[in-house]
Amino acid sequence: VKDDADFMDLEDELKNLQPDFLIGSSKGYSAARRFGIPLVRVFFPIHDRIGGQRILHIGYRGAQRLFDQIVNTLLSQKQEDSTTGYSYL
């Protein structure tokens, strides 16, 4: 989270921080792709996924869904980086 920043400022931060994943809207896709970082899409707009407007973000169910989405994103990246591909983790 960075105050008073645009996508250019955030990309400068990505070079220094090297995060494991990004959380944001579909607008973060190009930066995530450039840096090879998985993107968890949770904020408006989500225009490159079907059903993005119906994603639950609040309450216990929303928090549980977000946790699942983050963990599955990290597992997916681990599988992509693996030389064996799909495997039980």
Side-chain angles (χ1 to χ4, degrees):
V1 176
K2 186 170 173 84
D3 255 352
D4 195 30
D6 61 14
F7 281 103
M8 300 271 295
D9 295 330
L10 293 177
E11 285 194 32
D12 289 340
E13 289 292 324
L14 288 177
K15 293 174 191 171
N16 299 325
L17 296 175
Q18 300 176 345
D20 293 323
F21 63 96
L22 300 176
I23 296 178
S25 70
S26 295
K27 294 189 180 282
Y29 172 75
S30 59
R33 184 174 176 165
R34 243 187 321 280
F35 288 93
I37 304 168
L39 173 64
V40 178
R41 292 166 179 83
V42 294
F43 303 116
F44 182 79
I46 299 176
H47 51 71
D48 60 345
R49 295 292 182 266
I50 301 299
Q53 73 279 12
R54 293 186 299 272
I55 294 175
L56 181 63
H57 291 103
I58 58 172
Y60 179 80
R61 286 179 46 209
Q64 188 176 34
R65 189 210 55 80
L66 177 59
F67 176 77
D68 291 346
Q69 187 177 5
I70 290 170
V71 172
N72 284 325
T73 298
L74 293 174
L75 288 174
S76 177
Q77 186 67 33
K78 186 175 179 87
Q79 287 175 330
E80 289 297 319
D81 293 344
S82 170
T83 58
T84 59
Y86 177 80
S87 178
Y88 292 101
L89 300 173

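Taking CG of Asp6 as the start and CG of Asp12 as the end, the distance is 9.0 Å to the nearest 0.5 Å. In this structure, CD1 on Ile70 lies 4.5 Å from CZ on Phe21, to the nearest 0.5 angstrom. Within the model, atoms CG of Leu17 and CG of Leu10 stand 10.0 Å from one another, a figure rounded to the nearest 0.5 Å. To the nearest 0.5 Å, atom CZ of residue Arg34 and atom CG of residue Leu14 are 9.5 Å apart. Distance check, rounded to the nearest 0.5 Å: CZ of Arg33 to CG of Leu22 gives 14.5 Å. Between atom CG of residue Leu75 and atom CG of residue Asp68 there is a gap of 10.5 Å, rounded to the nearest 0.5 Å.
Side-chain contact between Val42 and Arg65 is present, with at least one heavy-atom pair separated by less than 4.5 Å. Counting only heavy atoms from C-beta outward, the side chains of Lys15 and Phe35 approach each other to under 4.5 Å.
With hydrogens and angles ignored, the 3.5 Å screen pairs no side-chain donor or acceptor of Arg41 with any backbone N or O of Gly52. Ser76 places no side-chain N or O within 3.5 Å of a backbone atom of Asn72 that could act as its donor or acceptor partner. Checking side-chain atoms of Asn16 against main-chain N and O of Glu13 turns up no donor-acceptor pair under 3.5 Å. Between the side chain of His47 and the backbone N or O of Ser26 there is no donor-acceptor pair closer than 3.5 Å.
The heavy-atom pair separating Gly24 from Phe43 by the smallest distance is CA-CD1, 3.4 Å. Ser25 and Pro45 make their closest contact through CB-O, 3.3 Å (heavy atoms, listed as atom of the first residue, atom of the second, distance). Minimum interatomic distance between Leu39 and Ala32 (heavy atoms only, all atoms of both residues): CB-CB, 3.9 Å.
In terms of hydrophobic clustering, with Ile, Leu, Val, Met, Phe, Trp and Tyr side chains grouped at heavy-atom distances under 4.5 Å, Tyr29 and Ile46 are assigned to different clusters.
Of the residues listed (Thr73, Leu74, Asp81), the one engaging Gln77 in a side chain to side chain contact (heavy atoms under 4.5 Å, CB included) is Asp81, and it is the only one.
The 12-atom threshold is not exceeded at CD1 of Ile50, counting heavy atoms of other residues, nucleotides or ligands nearer than 6.0 Å.
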Stepwise side-chain contact (heavy atoms from CB on, under 4.5 Å) test for Asp9 and Asp4 = CA-CA 9 Å; Asp9 295 330; Asp4 195 30; over 6 Å; no
